[in-house]
Amino acid sequence: MPQPTGTDSSTSSERALPAELVKRLAARAVAGGAPSVEVAAPATGSKIVDLPQSSIEDIDKAFATARIAQREWAARPISERTAIFKRFHDLILSEQSEILDILQIETGKARTHAFDEVGDVAINARYYANASKSLLESRGRNGLLLFLTQVNEIKRPKGVVTIISPWNYPLALSASDAIPALIAGNAVISRPDNQTALTALWANELAERAGLPAGVWQVVLGRGSNIGGELISRADYVDYTGSTATGRHIAAQAASRLIGYSLELGGKNPMLVLADADIKKSAEGAIRACFSSAGQLCESMERIYVHTEAYDAFVKAFLAEVAKMELGADLAYNSDMGSLTFDRQLTAVSAHVEDARAKGATVLAGGKARPDLGPYFYEPTVLADVTPEMSVYRDETFGPVVSIYRVDSDDEAIEQANDTSYGLNACIFTRDTSRGRTIAAQLNSGAVNINEGFIAAWGSVDAPSGGLGDSGTGRRHGSEGILKYVDSQTIAAQHLLPVAPLPGMSDETWAQTMTFALRAMRFLGVK
Ligand code: NAD
């Protein structure tokens with residue numbers, strides 16, 4: 001069996017971040033009151049930073065600063081707030097080489113997958129800078145009594161929003177969620193994962209370079225289990241991205257305070273290859289769909305259902321593409337897939353593959369770690385003959401492992417794709433787009449991509465993104481991605497006559513007059 005080759009010839013020291021940069025970024029965090037933690041680069045095992053951690057006092061200080069800064073920030077015209085994020089957009093593109101290095105060193109991912117994050121932040125900055133004014137502006141609404149009741153709906157920022165983000169897409173999931181919250185007039189307190197804190201701190205510094213006032217967006221640091229509850233107990237809204245198990249815990253904490261929340265959680269995403277699919281495009285698309293960021297992507301495909309007429313050709317083409325993949329995490333566009341980010345990811349991925357192998361699955365490609373390339377590298381892995389008693393059948397792997405299943409009809413593919421408690425992302429490969437759309441509507445999934453794995457829907461940020469079922473609640477992107485960060489307030493002014501009987505009018509006459517008015521409004525089609 002051909003195996004993916006390694007491209008990485010650079011040394012650990014060539015992949016180190018400048019000490020001055022690391023020191024400057026770490027110093028930006030509202031942290032230092034708790035013992036620091038050492039963070040190492042996944043691809044090499046070398047130390048990156050002793051990261052300061054936030055104490056309760058640090059968190060109190062961050063919230064006190066945020067509450068003062070938020071009032072001044074929300075009072076600014078929206079055009080000033082959006083102008084800052086237009087500059088932020090330009091800066092992130094012009095300064096991309098520095099953040100690509102940080103992202104790669106902190107996560108171990110390939111540069112091409114790091115660039116997806118830069119693109120994501122630029123797209124969200126552009127979208128919300130251009131779309132927010134009309135989404136947030138005051139709107140006239142129909143009043144109770146025609147002409148006499150004048151109603152306006154205004155949007156008020158929640159106040160201080162806490163964003164708790166994971167380590168797998170650390171730029172996209174910290175900055176892109178903060179942008180709409182900030183443009184809506186909130187202050188934001190971000191808690192990035194320790195492993196990828198420098199990425200979030202870099203974005204935070206860049207926003208201030210673009211003109212964001214100090215104190216409006218702050219970063220605190222700490223393990224979620226240590227400081228998550230402290231943040232939720234002080235926040236006005238919580239935005240969480242991570243596993244379903246932690247998401248349930250966060251939801252319970254937020255619910256007990258009656259604050260709003262959105263949860264972007266896990267997935268076990270299906271890809272459907274229909275009988276008429278273009279085999280070459282499907283095989284190439286499956287590489288992007290399954291192995292971006294070594295499969296440590298919530299939207300990654302972990303199950304492929306192939307129509308029996310396309311099965312043999314697809315498997316052959318897909319395996320040929322997998323064999324061509326170059327593994328490595330050097331700081332250049334040389335590699336097709338990088339490293340896993342943690343020891344625990346390597347353990348989880350290996351456990352899924354070994355469990356499947358022991359229970360009779362066939363390993364068509366990969367199926368082993370590559371310690372010759374770095375401590376947590378694992379080969380892109382393709383399994384067949386996977387059955388329900390194997391963990392990989394139903395549980396999220398969150399690594400470069402995909403199982404292929406043969407199906408006899410579209411209906412069978414739909415039924416199997418929907419046999420999951422998750423519902424985050426799905427994709428369909430077919431030459432017949434309208435047939436693809438019909439099938440898409442039958443999939444229980446927050447997003448369905450046709451002839452692409454995830455990035456077509458994910459990158460189209462005018463449309464909402466989020467999960468069904470165990471994949472979460474709430475949406476990022478589109479109008480929902482900013483309106484979740486505001487409360488609607490209705491202001492109704494009553495003119496000339498009160499909503500009550502006129503002087504000398506009995507309650508009964510009032511009721512008859514209102515009955516007549518209600519019938520008239522129904523007749524006239526008043527909304
Ligand atoms: P995890 O839930 O263990 O951790 C995610 C983050 O939550 C970490 O930074 C952790 O520090 C923090 N955390 C843990 N316990 C916490 C608590 N009690 N309070 C507050 N924060 C806490 O998940 P993980 O395995 O590290 O991350 C991968 C998971 O995230 C996968 O399931 C993946 O699908 C999901 N994910 C979803 C999306 C999405 O948009 N739907 C995006 C990325 C990742």
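Worth saying up front: this structure is predicted, and the values here are computed from it rather than measured. Hydrogens, waters and symmetry mates are skipped; everything else that's a heavy atom, side chains included, is used. First listed ligand is number 1; within each ligand, the first listed atom is number 1.
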So does [X] pair up with [Y], basic N to acidic O under 4.0 Å?
| X | Y | value |
| --- | --- | --- |
| Glu264 | Arg475 | no |
| Asp487 | Lys158 | yes |
| Arg223 | Asp193 | no |
| Lys268 | Asp470 | no |

Could you give me the CA-CA distance, side-chain angles and deciding distance for Leu100 and Val118, then say whether side-chain contact (heavy atoms from CB on, under 4.5 Å) is met? CA-CA 8 Å; Leu100 288 171; Val118 169; 3.8 Å; yes
Sub-4.0 Å atoms of ligand 1 with respect to non-hydrogen atoms of [X]:
| X | answer |
| --- | --- |
| Gly228 | 19 (N), 20 (C) |
| His249 | 18 (N) |
| Asn168 | 43 (C), 44 (C) |
| Glu264 | 37 (C), 38 (C), 39 (C), 40 (O), 41 (N) |

Please write down residue, atom name and distance for the protein heavy atom closest to [atom].
| atom | value |
| --- | --- |
| atom 40 (O) of ligand 1 | Arg476 NH1, 2.9 Å |
| atom 10 (C) of ligand 1 | Arg191 NH2, 3.8 Å |
| atom 8 (C) of ligand 1 | Asp193 OD2, 3.2 Å |
| atom 28 (C) of ligand 1 | Phe398 CE2, 3.5 Å |
| atom 14 (C) of ligand 1 | Thr246 CG2, 3.7 Å |
| atom 41 (N) of ligand 1 | Leu265 O, 2.7 Å |
| atom 34 (O) of ligand 1 | Glu396 OE2, 2.6 Å |
| atom 36 (N) of ligand 1 | Cys298 CB, 3.6 Å |

Between [X] and ligand 1, is there a nitrogen or oxygen pair with a distance under 3.5 Å?
| X | value |
| --- | --- |
| Gln253 | no |
| Ile164 | no |
| Ser471 | no |
| Ser243 | yes |
| Ile250 | no |

Backbone, side chain, both or neither: what part of [X] comes under 4.0 angstrom of ligand 1, heavy atoms only?
| X | answer |
| --- | --- |
| Gln296 | neither |
| Ile227 | neither |
| Leu173 | side chain |
| Leu424 | side chain |

Which pair of heavy atoms, one from Thr397 and one from His352, lies closest together, and at what distance? OG1-ND1, 2.7 Å
Would you mind telling me which of Thr196, Thr341, Thr199 makes a side chain to side chain donor-acceptor pair (under 3.5 Å) with Glu106? Thr199
Counting only heavy atoms, tell me which of Trp167, Trp458, Tyr240, Tyr169 gets closest to atom 5 (C) of ligand 1. Tyr240
Are Phe85 and Trp217 near enough that their ring centres are under 6.0 Å apart? no
Mind checking whether Tyr485 and Tyr237 have ring centres under 6.0 Å apart? yes
Does the side-chain contact (heavy atoms from CB on, under 4.5 Å) test come out yes or no for Val121 and Phe88, once each step is laid out? CA-CA 9 Å; Val121 175; Phe88 182 76; 3.5 Å; yes
With a 4.0 Å cut-off on heavy atoms, does [X] reach ligand 1?
| X | result |
| --- | --- |
| Ser165 | yes |
| Arg344 | yes |
| Gln195 | no |

Backbone N/O of Val49 and side chain of Glu38: donor-acceptor pair under 3.5 Å: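 A pair under 3.5 Å: no.
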Quick one, Asp336 and Leu327 - any side-chain contact, counting heavy atoms below 4.5 Å?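 Side chain of Asp336 against side chain of Leu327, heavy atoms only: no contact under 4.5 Å found.
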Does Thr387 form a side-chain contact (heavy atoms from CB on, under 4.5 Å) with Tyr393? I'd like the steps, not just the answer. CA-CA 6 Å; Thr387 53; Tyr393 182 85; 5.8 Å; no
Please say whether the positively charged group of Lys109, taken as NZ for Lys or CZ for Arg, lies over the ring of Tyr169, i.e. under 6.0 angstrom from the six-membered ring centre and within 45 degrees of the axis.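 Yes; both conditions hold, so Lys109 lies above the ring face of Tyr169.
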Audit row: Glu230, Arg234, salt bridge (charged side-chain N to carboxylate O under 4.0 Å, His left out) steps and yes/no: CA-CA 7 Å; Glu230 298 295 339; Arg234 290 163 176 78; 2.8 Å; yes
